[in-house]
Amino acid sequence: MPFAAVPPGAVIGILGSGQLGRMLAVGASRLGYRVHIFSPEAESPAAQVASASTVADYGDDEALDAFARGVDVATYEFENVPVAAVERLAALVPVRPGAGVLSITQDRLSEKDFIRGTGAVTAPYVAMSGPDDAGIAAREIGFPCVVKTRRLGYDGKGQRHLGRTGALGGSPDEALIRAWTELGGVPCIVEGFVDFVTEISVVLARGGDGAIAAYDVIQNEHRAGILHTSVVPARIPAAVADAAEAVARRIAGALDHVGVLAVEMFVTANGGVIVNEIAPRVHNSGHWTLDAATTDQFEQHIRAVCGLPLGGTSRLADAEMTNLIGEEIEGAARVLTEPNARLHLYGKTDARPGRKMGHVTRLFPKSS
Ligand code: AMP
């Protein structure tokens, strides 16, 4: 059902205060909106560039209600915002995407079930809620495999990779139980290891009227579970790119999603596309759009949640985006001397290992 547009000048509320919220706030301000950030974090890359911020816990109902009263529409920058907080806000103000999308995507089990339900392919998986499930996981999934926490995993956190020899030094069941225990003994899934040739993602936006605008398929390299580099166009056959986009469009439609959505996938040697996970938000692999697309993903998300027409998604140049992680920030100034590079820093002070501090996009003549 299309909704009335939230006009420029209105206030957009964003739950979450990291770099994604920061870049959303910049995109929103370029369109004349004001932004109010809500987050429990005192250090807030997003609040630095927003017109208002609330530092409070997501369980603080009074703070949530006051926030809702001060904004015209709300959205979130990451999928681990508690569903209850979004439901509470949604009683007072439109929240896009909605709580339903959030609850599906913040649990890897419901997310994978949902993906399968759209007809897309996933790695084989089973739930592992406790040691009693180890036998069935060992039989049905076997080794190599990946044990992942159902909730709160990101950037490779909350997962253990067990190689072909995962069962050495004990029974297969014991290896799985050890991994599950190391992950905190919380509900997990055990997933078959995908022998992929490359990883890709599709970033698209879907409006409240069901219109979809997709960017070119992106090729991603992860290191230690964290995205390192994204390249567009992906160096994959056109038929594989088309298939990937079709899968992502189907998922966005099935979710009745409003906003930007990213679908991460593996490509196998025979050209198969296997969906790994969905992010119901702007995505790190879409950062290149800031410098090399007609409309960047952040503005596109704002357009979608405010009911404005979606912008063009044409790629204006080939691009390679590299994250600056932890200490890599120290050499960042050198990027400023590169004529075809753009530097984006997130305003974070503490360069902890594994922390995304900024990114660089390098532009190349358009190849196709
Ligand atoms: P995730 O947190 O699910 O996005 O996983 C982070 C990264 O770990 C992925 O981008 C892959 O590089 C790797 N990975 C995750 N699951 C699998 C799998 N089933 N098979 C192979 N590699 C995986």
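Just follow the structure's listing: the first ligand is 1, and inside any ligand the first atom is 1.
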Completion exercise
Checking heavy-atom distances from atom 13 (C) of ligand 1 to each of Arg223, Glu277, His161, the winner is His161
Fill in the blank from the handout: Heavy-atom proximity to atom 17 (C) of ligand 1 ranks first, among Tyr125, Phe193, Phe266, for Phe266
Exercise for the section: Flag the pair Phe298 / His287 as yes when their ring centroid distance falls below 6.0 Å, and as no otherwise. Expected result: yes
Exercise for the section: Output all residues satisfying side chain to side chain contact (heavy atoms under 4.5 Å, CB included) with Thr294, sequence neighbours left out; order by chain, then residue number. Expected result: Ser314, Leu316
Completion exercise
Heavy atoms of Ala5 and Gly307 approach each other most closely as CB-O, 3.8 Å
Practice task
Would you check whether Gly192 has a nitrogen or oxygen atom less than 3.5 angstrom from a nitrogen or oxygen atom of ligand 1?
Solution key: yes
Handout entry: Ligand-side contact atoms (ligand 1) for residue partner Lys148, heavy atom cut-off under 4.0 Å
Key = 3 (O), 15 (C), 16 (N)
Problem - Sequence-distant partners of Ala241, side chain to side chain contact (heavy atoms under 4.5 Å, CB included), two or more places apart - result: Val217, Ile236
Exercise for the section: Answer yes or no: are there more than 12 heavy-atom neighbours, outside Asp350 itself, under 6.0 Å from its atom CG? Expected result: yes
Practice task
Examine the side chains of Arg116 and Thr122 and answer whether a donor and an acceptor come within less than 3.5 Å of each other.
Solution key: yes
Exercise for the section: Mark up the atoms of ligand 1 that fall under 4.0 Å of a heavy atom belonging to Val146, in ascending order. Expected result: 17 (C), 18 (C), 19 (N)
Handout entry: No-hydrogen, no-angle side-chain donor-acceptor test under 3.5 Å, Gln219 and Thr198
Key = yes
Handout entry: Ligand-side contact atoms (ligand 1) for residue partner Glu191, heavy atom cut-off under 4.0 Å
Key = 16 (N), 17 (C), 18 (C), 19 (N)
Handout entry: Proximal atoms of ligand 1 relative to Glu199 (non-hydrogen, under 4.0 Å)
Key = 9 (C), 10 (O), 11 (C), 12 (O)
Exercise for the section: Could you see which bit of Asn276 sits under 4.0 Å from ligand 1, with heavy atoms only: side chain, backbone, both or neither? Expected result: side chain
Practice task
Can you sort out which atoms of ligand 1 are near Phe196, meaning under 4.0 Å from one of its heavy atoms?
Solution key: 21 (C), 22 (N)
Practice task
Using modelled atom types only, decide if a donor and an acceptor are shared between the side chain of Ser230 and the backbone of Met321 within a distance under 3.5 Å.
Solution key: no
Exercise for the section: Measure the distances from the heavy atoms of Gly158 to every atom of ligand 1 and state whether one is below 4.0 angstrom. Expected result: no
Practice task
Pick one of side chain, backbone, both or neither for how Arg108 approaches ligand 1, counting any non-hydrogen atom pair under 4.0 Å.
Solution key: side chain
